Each structure stands twice: as C-alpha cells, then as structure tokens.
Amino acid sequence: DSGVTQTPKHLITATGQRVTLRCSPRSGDLSVYWYQQSLDQGLQFLIQYYNGEERAKGNILERFSAQQFPDLHSELNLSSLELGDSALYFCASSPGNLNSPLHFGNGTRLTVT
Amino acid sequence: GESVGLHLPTLSVQEGDNSIINCAYSNSASDYFIWYKQESGKGPQFIIDIRSNMDKRQGQRVTVLLNKTVKHLSLQIAATQPGDSAVYFCAENSAGGTSYGKLTFGQGTILTVHP
C-alpha cells in the first residue's frame, strides 16, 4: 500500500460531461502529482501542486484543471469530456522539495462513452 | 522532444533466472532516475532510484546501472520470481529544482516469469 488514496476507482460518463477525481496524499507529503496513462501515450505528467500552489504543468488540456486544498488533498477536474479522455488517471505524492520517489495511488479508470 | 525508453518490449524468463531490463534516455540534463513496477489494476510501484552522480545502486534483489556516456539505464533482477511478472517503467527527472516530480516515463517493458 503506497499510502496514496484515489477515488473513485472507476468512472463511466458520457461525452460533454464533467467529472472530479480525488486524491489524498501520503501522510507528510506536501506535493501531489497527476498523471494520465493511456495505451497510446503511456504515462504522461499533467500537473503538480506543492503545499497548495501549482508548481509545474505538463501537457494538460485547458479543459482539465486541478487544485490542492489546505488539508493537502487534491482534485482533478475534467470537463467537456471526449472519447479520447478515456484513460487511467493516477495521483502520486512526495515530499516535493527534493529528488525522491513518487508514490502512486491505484488510479481512477475513466471511461467516456 | 524529450523521451525516455523505447516502444514496449517484452522479456520472458524462467523462475530463478536473472532478468535485465534496459532503458535509453535522451536528455543529458536528467539528474534522477527511477524504476517502477506496475501490476495489472494497480499504480506504479517504486522499485529503486539512482542519482546522476552514481553509476550503480543495489537494493534487495535489484540493481540499477546508469551509463551517462551512452544515456542508458538498466534494471537487474536477481533470482526472478513469478511475482516479479509486471510492466517495468524507467523514468527520469530533467526538471531539476523546478519540479522534483515531473517525471518522463518510458513506454515500459513487460516481464513474464514462467514457473
């Protein structure tokens, strides 16, 4: 068990809809990261938050947004969903202030129909 | 653009054999490398890491080798067990102090261990 909790595990929704994915980091970790895993793109970095502030952005679509709350949990919001957004979305956490391993949750599998 | 690893190869070994999984990276500025194991239905699980000022690091049954000259990373698993069957990813951090977790992942290698 990595200590990173993601909910829900599965999400099925229709095109055009909006969903929210939730992540609780490991105790003591200040940084959360969101990654997308699809068959054709592999694991792609989306965005990082550190202690409530956005730290780095990857190839995150404008339809996607995230935030980290004062209790350090994070949410990833995906809107105007398209079929191509179907993927596994992983959250990871780390102390964030040095090179150290990221610890991943078990992901949310999003299916857009 | 920056990339780590190759297209998804497969490696099939017998239980008890040693396994070697390879990874090529392209960014010479990368200073931190990690190997992850991913089992079906789970998130990537940390195996071992290495910093660019090292060329070898050992863990329990695993060894990571880093060759900066040819930008190559390898993971050696000793006495491979069926429970080692999974997809293995290498990842690099080239963002340095701007983001310690902005990792670039390789495409992965499927390891299958036969009893």
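Not measured: the values here are computed from a predicted model. The chains referred to below are lettered A, B, ... by the order of the sequence lines, with proteins before strands, and numbering in each begins at 1.
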Check Y33(A) against K102(B) and note the closest heavy-atom contact, atom names and distance. CE2-N, 4.4 Å

Does L11(A) belong to the same Ile/Leu/Val/Met/Phe/Trp/Tyr cluster as V4(A), with side-chain heavy atoms less than 4.5 Å apart forming each link? no

What residues of residues 43-51 of chain B make heavy-atom contacts with chain A at a cutoff under 4.5 angstrom? G43(B), P44(B), F46(B), D49(B), R51(B)

With no hydrogens and no angle check, is any side-chain donor or acceptor of Y36(B) less than 3.5 Å from a backbone partner on L102(A)? yes

Look at the side-chain heavy atoms of Ile, Leu, Val, Met, Phe, Trp and Tyr, link any pair under 4.5 Å apart, and say whether M54(B) and Y25(B) land in one connected group. yes

Please rank G96(A), G42(A), S2(A), P101(A) by heavy-atom pairs under 4.5 Å with chain B and give me the top one. P101(A)

Using a 6.0 Å cut-off, check whether atom CG of L83(A) has over 12 heavy atoms from anything other than its own residue. yes

Taking heavy atoms only and a threshold strictly under 4.5 Å, list by residue number the residues of residues 58-80 of chain A that touch chain B; give 'none' if the list is empty. none

L46(A) reachable from V19(A) in the ILVMFWY side-chain graph, under 4.5 Å edges: yes

Within residues 70-85 of chain B, which positions have a heavy-atom distance to chain A below 4.5 Å? none

Counting neighbours of NZ on K56(B) that are heavy atoms of other residues, nucleotides or ligands and sit closer than 6.0 Å, is the number greater than 12? no

The reported gap from CZ in F89(B) to CD in Q37(A) (rounded to nearest 0.5 angstrom) is 5.0 Å

Please round to the nearest 0.5 Å and tell me the distance separating atom CD of Q38(B) and atom CG of L88(A). 7.5 Å

Taking Y35(A) for the side chain and L103(B) for the main chain, is one N or O donor matched with an acceptor at less than 3.5 Å? yes

What part of K57(A) lies closer than 4.5 angstrom to a heavy atom of chain B: side chain, backbone, both or neither? backbone

Against chain B, residues from residues 105-113 of chain A with at least one heavy atom under 4.5 Å, in numeric order, are G105(A), N106(A)

Within one Ile-Leu-Val-Met-Phe-Trp-Tyr cluster: V87(B) and F104(A), side-chain cutoff 4.5 Å: yes

Starting at OH of Y32(B), measure out to CG of L98(A) and round the result to the nearest 0.5 Å. 8.0 Å

Please check if L8(B) and L43(A) belong to a single hydrophobic cluster, counting links between Ile, Leu, Val, Met, Phe, Trp and Tyr side chain heavy atoms closer than 4.5 Å. yes

